[in-house]
Each structure stands twice: as C-alpha cells, then as structure tokens.
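Note sheet for the following structure.
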Amino acid sequence: MGKSNLKKGYVIIFLIFVLLIIVGAILLSITSFIPSVDWGDPGYEDYVTLINNLTTSSVLLRNIGITFFSLSTFLGAITDQRLSKEARTGMIIASAIGVIALLVLGASFQIIYIS
C-alpha cells in the first residue's frame with residue numbers, strides 16, 4: 001500500500017509554497033487598504049516606511065514560495081517512482097520554469113527596491 005500524498009515530503013513543501021504565496025498576496029493587498037498620506041503631511045515618512053516594508057515582505061515571501069515550488073517539483077520528480085516518466089519529466093520542466101521565474105523576479109526586485 002502506498003503512502004498518503006500528504007505524507008510525502010515534496011507534497012508538504014508544495015503546501016508551504018501555496019501558503020507563502022497566499023500570505024504574500026494578502027500582504028500586498030493590505031497596502032491598498034491603507035489610506036494614503038500626502039507628501040508633507042504628518043506621518044508621511046511612517047506611511048512610506050510601512051508601505052515599503054509590506055511590499056518588500058510580499059516580494060520576499062513570493063520569492064521564497066517560488067523557491068519551494070521549484071524544490072518540491074524537482075524532489076517529487078526524482079523521488080516518486082510511482083509517477084510515469086512523462087509526469088516526472090513535466091515536473092522537472094516545471095521546476096526549471098520556477099527557477100527562471102525566480103531569476104526574473106529576483107532581478108526585478110533588485111532593480112525596483114534596491115535602487
């Protein structure tokens with residue numbers, strides 16, 4: 001009898017990916033609910049700091065989530081022998097696409113938030 005899907009290590013890592021992406025999306029949406037403060041008004045610096053922190057945290061969680069996605073699909077492809085060869089090949093391709101997405105998003109993070 002096979003193991004339950006939730007007891008497989010790569011499935012747990014995939015669930016962590018899903019949770020991180022959801023939390024990152026929630027953090028990013030919170031920024032739209034915070035009323036904006038005009039330049040020169042009291043609290044403007046605090047507002048800018050808060051928005052920057054929330055946005056940066058959201059991007060960080062998204063990047064960590066994509067890393068977990070790539071890791072989980074790669075681990076699943078190399079460890080789960082019950083999957084067909086085609087499914088494992090597809091998982092490796094998905095993992096590679098996740099790494100490419102991480103590189104693109106990481107580069108955009110450096111351009112937007114560090115400069």
Side-chain angles (χ1 to χ4, degrees):
M1 186 117 197
K3 287 169 58 172
S4 167
N5 284 340
L6 291 177
K7 294 187 187 232
K8 295 178 182 176
Y10 71 92
V11 175
I12 294 171
I13 295 172
F14 187 82
L15 291 175
I16 293 170
F17 148 72
V18 171
L19 289 174
L20 286 173
I21 294 296
I22 289 172
V23 170
I26 290 171
L27 280 179
L28 194 58
S29 351
I30 287 173
T31 60
S32 66
F33 292 116
I34 298 173
S36 63
V37 178
D38 292 331
W39 185 82
D41 288 346
Y44 176 76
E45 291 82 16
D46 294 333
Y47 168 77
V48 170
T49 302
L50 176 65
I51 295 298
N52 284 339
N53 288 342
L54 286 173
T55 305
T56 303
S57 299
S58 172
V59 170
L60 180 65
L61 288 173
R62 182 179 62 199
N63 287 345
I64 292 171
I66 292 172
T67 302
F68 279 149
F69 168 77
S70 295
L71 180 66
S72 69
T73 53
F74 184 75
L75 286 176
I78 63 173
T79 60
D80 198 347
Q81 299 301 319
R82 293 185 305 153
L83 297 172
S84 69
K85 182 181 178 189
E86 292 81 13
R88 292 195 321 246
T89 303
M91 290 173 75
I92 296 257
I93 292 170
S95 178
I97 291 171
V99 170
I100 292 170
L102 187 62
L103 292 173
V104 169
L105 292 174
S108 67
F109 176 76
Q110 290 177 357
I111 292 169
I112 294 171
Y113 295 103
I114 295 179
S115 56

* To do: Apply the test side-chain contact (heavy atoms from CB on, under 4.5 Å) to residues Arg62 and Leu20: give CA-CA distance (whole Å), side-chain angles for both, the deciding distance (0.1 Å), then the verdict.
  => CA-CA 7 Å; Arg62 182 179 62 199; Leu20 286 173; over 6 Å; no

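Atom OG1 of Thr55 and atom CG of Leu60 lie 12.5 Å apart (nearest 0.5 Å). Interatomic distance, Tyr10 OH to Thr79 OG1, rounded to the nearest 0.5 Å: 6.5 Å. Note that CG of Asn63 and CD1 of Ile21 are 8.5 Å apart. Values are rounded to the nearest 0.5 Å.
When the ring-ring contact (aromatic ring centres under 6.0 Å, His included) test is applied to Tyr47, no partner is found at least two apart in sequence or on another chain.
Judged purely by atom type and a 3.5 angstrom limit, Thr49 uses its side chain to pair as donor or acceptor with the backbone of Glu45.
One hydrophobic cluster, built from ILVMFWY side chains closer than 4.5 Å, holds both Ile12 and Phe69. No continuous path of ILVMFWY side-chain contacts below 4.5 Å connects Leu19 to Leu75, so the two sit in separate hydrophobic clusters.
The two atoms that bring Ile66 and Phe17 nearest to each other are N-CD1, 4.2 Å, heavy atoms only.
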Under 3.5 Å, which donor-acceptor pairs do the side chains of residues 23-44 form with other protein atoms, sequence neighbours left out?
| from | atom 1 | to | atom 2 | distance (Å) |
| --- | --- | --- | --- | --- |
| Ser29 | OG | Ala25 | O | 2.6 |
| Thr31 | OG1 | Leu28 | O | 2.5 |
| Ser32 | OG | Ser29 | O | 2.7 |
| Asp41 | OD2 | Asp38 | N | 3.4 |

Donor-acceptor pairs under 3.5 Å, side chain of residues 91-100 to any protein atom, not counting sequence neighbours: which ones?
| from | atom 1 | to | atom 2 | distance (Å) |
| --- | --- | --- | --- | --- |
| Ser95 | OG | Ser70 | O | 2.9 |

